[in-house]
Amino acid sequence: MDGNGRWAQRRGMPRTAGHSAGSESFRRAAYYLKDLGVKYLTVYAFSTENWKRPPEEVSAIMSLLRKYLLESIEEMCRKNIRLRFLGDLAPLDGELKRLIERTDELSRQNDGMLVSVCLNYGGRAEIIRAAQALGRRCADGELRPEDVTEEALAAELYSAGAPDPDLVIRPGGEKRISNFLLWQSSYSEFYFTDTLWPDMDERELDKAIAEYQRRNRRFGGVK
Ligand code: FPP
């Protein structure tokens with residue numbers, strides 16, 4: 001969800017106002033994509049590297065998440081959306097952790113759409129964590145090294161339970177992956193746009209989807 005800071009600065013507002021607009025854009029995108037029939041949406045809210053930002057900005061983002069979970073979980077449940085968080089949640093503050101657990105409990109049964117929010121998430125860290133889990137299972141004699149398959153590793157990732165993304169959208173003008181879903185996106189289609197995340201409205205999402213529909217996916221084969 002890149003470009004929040006610039007969106008605010010262009011309007012002479014503090015960067016945190018951009019994150020606030022970004023959180024509204026997230027709500028709107030989730031509801032719109034659900035109406036279109038999208039079953040899985042994964043957004044990158046906070047990376048393992050984002051702790052390097054000024055402490056006031058980090059705490060504003062965490063506050064926005066708390067606010068979102070407090071104010072929006074009921075509405076998300078009414079829309080049959082399951083909301084879950086992917087990443088190392090241990091360093092988060094106690095109240096946010098409790099709200100995440102509550103969100104998990106309240107929305108676990110919903111099967112209209114699975115929305116995953118990556119929080120204190122890094123793609124490499126996710127793969128290392130999965131490799132360690134498999135290593136432990138091998139050391140315990142529960143698994144043989146030859147049982148370490150793509151499926152076995154994918155099942156240990158935070159994202160287990162969701163298919164690999166068909167389309168990865170990067171707003172905000174940068175053309176890089178920035179440690180997002182490294183394993184999962186090996187055959188995803190990528191869409192890069194200069195549009196800043198708070199401006200990624202229904203029209204902009206339609207453009208990304210239309211572009212995706214024109215792509216020729218071969219998964220390494222021929223067509
Ligand atoms: C990247 O834009 C955005 C973030 C690091 C934070 C995203 C967080 C939210 C939208 C708020 C809470 C989220 C939810 C799911 C309710 P940037 O700050 O790097 O923008 P810039 O590149 O213009 O500086």
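Atoms within a ligand are numbered from 1 in the order they appear, just like the ligands themselves.
Cation-pi geometry between R10 and W7 is not met: the NZ or CZ atom fails to fall both under 6.0 Å from the ring centre and inside 45° of the normal.
Here Q9 has no heavy atoms under 4.0 Å from ligand 1, in either its backbone or its side chain. Contact annotation: for R15 versus ligand 1, heavy atoms closer than 4.0 Å belong to the side chain alone. Contacts between L196 and ligand 1, counted as non-hydrogen atom pairs separated by less than 4.0 Å, are absent for every part of the residue.
Between Y68 and F26, the distance from one ring center to the other falls under 6.0 angstrom.
Between L64 and ligand 1, not a single N/O pair is under 3.5 Å apart. Between Y44 and ligand 1, no N or O atom pair is found at a separation short of 3.5 Å.
In this structure the side chain of L69 reaches within 4.5 angstrom of the side chain of L96, judged on heavy atoms. Side-chain atoms of P91 and N120, non-hydrogen and from C-beta on, do get closer than 4.5 Å to each other.
In summary, of the residues considered (W197, F192, Y191), a side-chain contact (heavy atoms from CB on, under 4.5 Å) with P171 occurs for W197 alone.
For G172, the heavy-atom gap to ligand 1 stays at 4.0 angstrom or more. Residue contact annotation: R53 has a non-hydrogen atom under 4.0 Å from ligand 1. Residue contact check for ligand 1: F46 places no non-hydrogen atom closer than 4.0 Å to it.
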Check against side-chain hydrogen bond (donor to acceptor under 3.5 Å, both in side chains), R82 and S107: CA-CA 5 Å; R82 176 175 173 205; S107 75; 5.3 Å; no
Is there a side-chain hydrogen bond (donor to acceptor under 3.5 Å, both in side chains) between R66 and S63? Walk through the geometry before answering. CA-CA 5 Å; R66 277 195 298 273; S63 297; 3.2 Å; yes
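Linking Ile, Leu, Val, Met, Phe, Trp and Tyr whenever their side-chain heavy atoms come within less than 4.5 Å leaves W183 and Y187 in two separate clusters.
Under a 4.0 Å criterion applied to the non-hydrogen atoms of N50, ligand 1 contributes the atoms 5 (C). The atoms of ligand 1 that sit less than 4.0 Å from any heavy atom of F26 are 15 (C). Taking every non-hydrogen atom of M1 and a distance limit under 4.0 Å, the qualifying atoms of ligand 1 come out as 1 (C), 2 (O), 3 (C), 10 (C). Ligand 1 places these atoms under 4.0 Å from at least one heavy atom of Y68: 16 (C). Atoms of ligand 1 lying under 4.0 Å from at least one heavy atom of R6, given by number and element, are 21 (P), 22 (O), 23 (O).
Atom 13 (C) of ligand 1 has L65 CD2, 3.8 Å as its closest protein atom, hydrogens excluded (heavy atom only). Taking atom 6 (C) of ligand 1 as the reference point, the nearest protein heavy-atom neighbour is A45 O, 3.2 Å.
Between E204 and K207, at least one side-chain nitrogen of the basic residue sits less than 4.0 Å from a carboxylate oxygen of the acidic one, meeting the salt-bridge criterion.
Ring geometry for F180 versus Y44: interplanar angle under 30°, hence parallel rather than tilted (30 to 60°).
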